[in-house]
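Only one structure is covered here, and it is reproduced in the block below.
Each chain gets a letter, A, B and so on, in the order the sequences are listed, and its residues count up from 1.
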Number of protein chains: 2
Amino acid sequence: MSQTWDAALRARGYRVTPQRQLVLEAVTKLDHASPEEIFAEVHQKATGVNVSTIYRTLELLEQLGLVTHTHLGHGAPRYHLAAEAQHVHLVCRDCGRVTELAPDAAQPLVTALDEEHGFETDVGHLTVFGTCRDCRRTRPGPGATSA
Amino acid sequence: MSQTWDAALRARGYRVTPQRQLVLEAVTKLDHASPEEIFAEVHQKATGVNVSTIYRTLELLEQLGLVTHTHLGHGAPRYHLAAEAQHVHLVCRDCGRVTELAPDAAQPLVTALDEEHGFETDVGHLTVFGTCRDCRRTRPGPGATSA
DNA sequence: TTTAGTGCAAACACTTTGCAAAGTA
DNA sequence: TACTTTGCAAAGTGTTTGCACTAAA
């Protein structure tokens, strides 16, 4: 589980470049980071690298199945290693905290959607918005009390 | 359930304008449309209306609790009437089709997240990505067959 | 050497802003 | 009339593209 990535590139005729390595490292280190964050990280180690390279590389790495992305709300997509276990994201609307959950948390939903709608859920991209435990304590929350 | 919206505006000191009515009508008619689609719809009926007005109006209507938005993947946010029953979105990665489901489809998930993580799910914003029945038929799908 | 990858700058899509003119109350 | 809302045009984000140069194989 060390440098298989460069084999993955070469195997498909792509070249191994420092930029690609840096991007992959940044994705690994940051975990669900946005392209901009990845850029910042890479830029720190190699000032010359351009944003467009970040985007192009992310696209390539995703295509190769090395990384994936999810959408955590408004902003930019978030990238993480595909090798990492799939996980469900819990995003708190109040504090913005992102929690990762084992995919089986969604199992009942997945099963229900499959059986009732023939829909095959992509669990790795499942993001649930709401209010986390801490924020619910702090303020009653929109779901508990209504008008 | 007819023109309560104009009362909602006036009650808060906002003015009732044709633009606002048109935007609300477009949101109602189109259902989970992007700002651009709403713009197109409004523009058809009143050529003079500007995009910026669409954005400003959507923001206002959302703030007033008349409409809400969700993110259905990459693109622009999607707006729909808040008055409409909450629903879960199923988005097919292949054909892009969006299916609306009654929120109780997610009930087991909601309960599990609440009990196990103290997380209060915002069901109305829940979007599930995956492959729909038709597309699964057409092509094996990434979940069924692997390498 | 050959061909793929990169930096750069310009182009893009989407959204926001300032301001003067127009419209609601 | 007084003050909100709009249209317009320009400025901002975040992302993509064309092209000549650089570098991997």
Side-chain angles (χ1 to χ4, degrees), chain A residues 3 5-24 26-27 30 32-64 66-67 69-79, chain B residues 3 5-27 32-64 66-67 69-79:
Chain A
Q3 251 109 301
W5 65 272
D6 77 61
L9 284 171
R10 271 190 261 264
R12 304 238 216 148
Y14 294 107
R15 293 179 183 174
V16 176
T17 68
Q19 289 89 334
R20 288 175 178 170
Q21 173 163 12
L22 287 167
V23 169
L24 198 55
V27 170
L30 299 175
H32 50 268
S34 66
E36 251 188 294
E37 289 164 345
I38 294 166
F39 173 58
E41 176 72 18
V42 170
H43 201 258
Q44 238 176 290
K45 300 189 177 167
T47 328
V49 182
N50 193 275
V51 218
S52 56
T53 300
I54 305 293
Y55 284 100
R56 286 191 278 228
T57 304
L58 285 172
E59 191 184 0
L60 176 68
L61 295 178
E62 183 150 30
Q63 184 190 309
L64 290 175
L66 295 172
V67 310
H69 77 267
T70 336
H71 293 277
L72 268 43
H74 290 264
R78 304 269 154 179
Y79 290 83
Chain B
Q3 250 106 302
W5 65 271
D6 77 61
L9 285 170
R10 271 191 262 263
R12 305 238 216 148
Y14 293 108
R15 293 181 181 174
V16 176
T17 69
Q19 288 88 335
R20 286 175 179 170
Q21 173 165 11
L22 285 168
V23 170
L24 197 55
E25 278 172 6
V27 171
H32 51 269
S34 67
E36 251 190 294
E37 289 164 345
I38 294 165
F39 173 59
E41 176 72 17
V42 169
H43 201 258
Q44 237 176 292
K45 299 189 176 169
T47 328
V49 181
N50 195 275
V51 220
S52 57
T53 301
I54 305 292
Y55 283 101
R56 286 190 277 226
T57 304
L58 286 172
E59 190 183 3
L60 176 66
L61 295 178
E62 183 151 31
Q63 184 189 309
L64 290 175
L66 294 172
V67 310
H69 77 266
T70 334
H71 292 277
L72 266 42
H74 290 264
R78 304 268 154 178
Y79 290 84

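In this structure, A/His71 atom NE2 and C/dC14 atom P are separated by 14 Å, rounded to whole Å. In this structure, A/Leu9 atom CG and C/dT3 atom C1' are separated by 16 Å, rounded to whole Å. Here C/dG7 presents its C1' atom at 11 Å from NE2 of A/His43, a figure rounded to the nearest Å. Straight-line distance from the CZ atom of B/Arg12 to the P atom of C/dA25: 17 Å, rounded to whole Å. Per the geometry, CZ belonging to A/Phe39 stands 14 Å off P belonging to C/dT6, to the nearest Å. In this structure, B/Leu60 atom CG and C/dT24 atom C1' are separated by 15 Å, rounded to whole Å. Put simply, CD on B/Gln21 is 17 Å from P on C/dG23, counting in whole angstrom units.
No donor-acceptor pair under 3.5 Å is formed between the side chain of A/Gln19 and the backbone N or O of A/Val49. Of the possible polar contacts, none joining the A/Arg20 side chain to the A/Leu61 backbone as a donor-acceptor pair under 3.5 Å is found.
When the local axes at the two ends of the helix from C/dT1-D/dA25 to C/dA25-D/dT1 are compared, using 5 base pairs at each end, they differ in direction by 30° after rounding to 10°.
A sub-4.0 Å separation between OP1 or OP2 of C/dG7 and a side-chain N or O of A/Gln19 is present. In this structure, A/Arg20 reaches the C/dG5 phosphate: one of its side-chain N or O atoms is under 4.0 Å from OP1 or OP2.
With a 4.5 Å cut-off on side-chain heavy atoms, B/Val16 and B/Gln21 do not count as touching. Residues B/Thr17 and B/Thr57 form no side-chain contact, since every pair of their non-hydrogen atoms from C-beta on lies 4.5 Å or further apart.
Taking each heavy atom of B/Leu22 and B/Ala46 in turn, the nearest pair found is CD1-CB, 3.7 Å. A/His71 and A/Pro77 make their closest contact through CE1-CB, 3.8 Å (heavy atoms, listed as atom of the first residue, atom of the second, distance). Considering every non-hydrogen atom in both A/Leu9 and A/Arg15, the closest pair reads CD1-O, 3.8 Å.
For B/Phe39, the side chain to side chain contact (heavy atoms under 4.5 Å, CB included) criterion is met by B/His43, B/Val51, B/Ile54, not counting sequence neighbours. Applying the side chain to side chain contact (heavy atoms under 4.5 Å, CB included) rule to B/Glu41 yields the partners B/Ala26, B/Lys29, B/Leu30, B/Gln44, B/Lys45; only residues at least two apart in sequence or on another chain are considered. Every side chain to side chain contact (heavy atoms under 4.5 Å, CB included) that B/Arg56 has, sequence neighbours left out, goes to B/Ser52, B/Thr53.
Position along DNA chain C of the nearest nucleotide to B/Arg10 versus B/Glu36 favours B/Glu36 as the more 5'-ward residue.
The nucleotide range of DNA chain D contacted by chain B, defined by atoms under 4.0 angstrom from heavy atoms of the protein and reported 5' to 3', is D/dC3 to D/dC8.
Atoms CG and NE2, on B/Leu72 and B/His32 in that order, are 6.0 Å from each other to the nearest 0.5 Å.
Contacts between residues 48-59 of chain B and DNA chain D, defined by a heavy-atom separation under 4.0 Å, are made by B/Gly48, B/Val49, B/Asn50, B/Ser52, B/Thr53, B/Arg56.
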